[in-house]
Amino acid sequence: EQQEEDVLRELRLFLRNITERLSLDRRFKAFTKPVDIEEVPDYILVIKKPMDLSTLLTNIDESKYVTVGKFMSDADLIWRNALEYNPDSDPMDRHIRHRAYALKDTIRAIIRDELDEEFERVCEEIRESR
Ligand SMILES: CC(=O)c1nc(NC(=O)[C@H]2CNCCN2)sc1-c1cc(O)cc(O)c1
């Protein structure tokens, strides 16, 4: 009912705000757009479920996330994919891995500081009721 739509609207605003802040952070430039398959043809062979900050934003707009938890699973894909695609001692691999860990820690710090557990519990109840 209307109260549920109010909660889900507030969730979208919260998730959009986080995603836009991450997209503006220069450290995460490599994660802002889908990896270009023309430029990196082997990427799709290694990474089963690509994810990036612009796709997160589209998913939010399409009301794909009913809880913060579902958003976190996709957001975590971004840095997990980068660690998987960049395992070597190559300087570029290390560089991307440092950015991936910075993304992981930044997402967790924002959620810890800014997510009200009571709000997430209400979102979980809406998910279970659907
Ligand atoms: C995001 C990601 O995982 C990524 N990984 C890379 N790794 C390499 O280039 C390593 C792979 N091992 C051999 C030596 N090169 S480049 C790259 C990337 C960077 C961008 O600025 C945009 C973009 O779409 C993708």
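Fair warning: this is a prediction, and the values are worked out from it, not measured in the lab. In listed order, ligands and their atoms are each counted from 1. Throughout, residue positions are numbered sequentially from 1 according to the sequence presented.
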Do the charged groups of Glu124 and Arg121 touch, with an N to O distance under 4.0 Å? no
For Asp76 and Arg108, what are the C-alpha separation, side-chain angles and deciding distance, and is it a salt bridge (Lys or Arg N to Asp or Glu O under 4.0 Å)? CA-CA 10 Å; Asp76 284 348; Arg108 266 153 186 69; 3.1 Å; yes
Can you produce the list of protein nitrogen or oxygen atoms under 3.5 Å from a nitrogen or oxygen of ligand 1, alongside each distance?
residue  : atom   : partner : partner atom : Å
ligand 1 : 3 (O)  : Asn86   : ND2          : 3.3
ligand 1 : 5 (N)  : Asn86   : OD1          : 3.4
ligand 1 : 5 (N)  : Asn86   : ND2          : 3.1
ligand 1 : 7 (N)  : Asn86   : OD1          : 2.6
ligand 1 : 12 (N) : Asp93   : OD1          : 2.8

Pair Asp42-Tyr85, side-chain hydrogen bond (donor to acceptor under 3.5 Å, both in side chains): steps then yes or no: CA-CA 10 Å; Asp42 73 324; Tyr85 186 68; 2.8 Å; yes
Please say which of Thr19, Asp74, Leu15 ends up in a side-chain contact (heavy atoms from CB on, under 4.5 Å) with Asn59. Asp74
With distance as the sole test, does Thr55 use its side chain to make a donor-acceptor pair with the main-chain N or O of Met51 at under 3.5 Å? no
Atom NZ of Lys64 with >12 non-hydrogen neighbours under 6.0 angstrom: yes
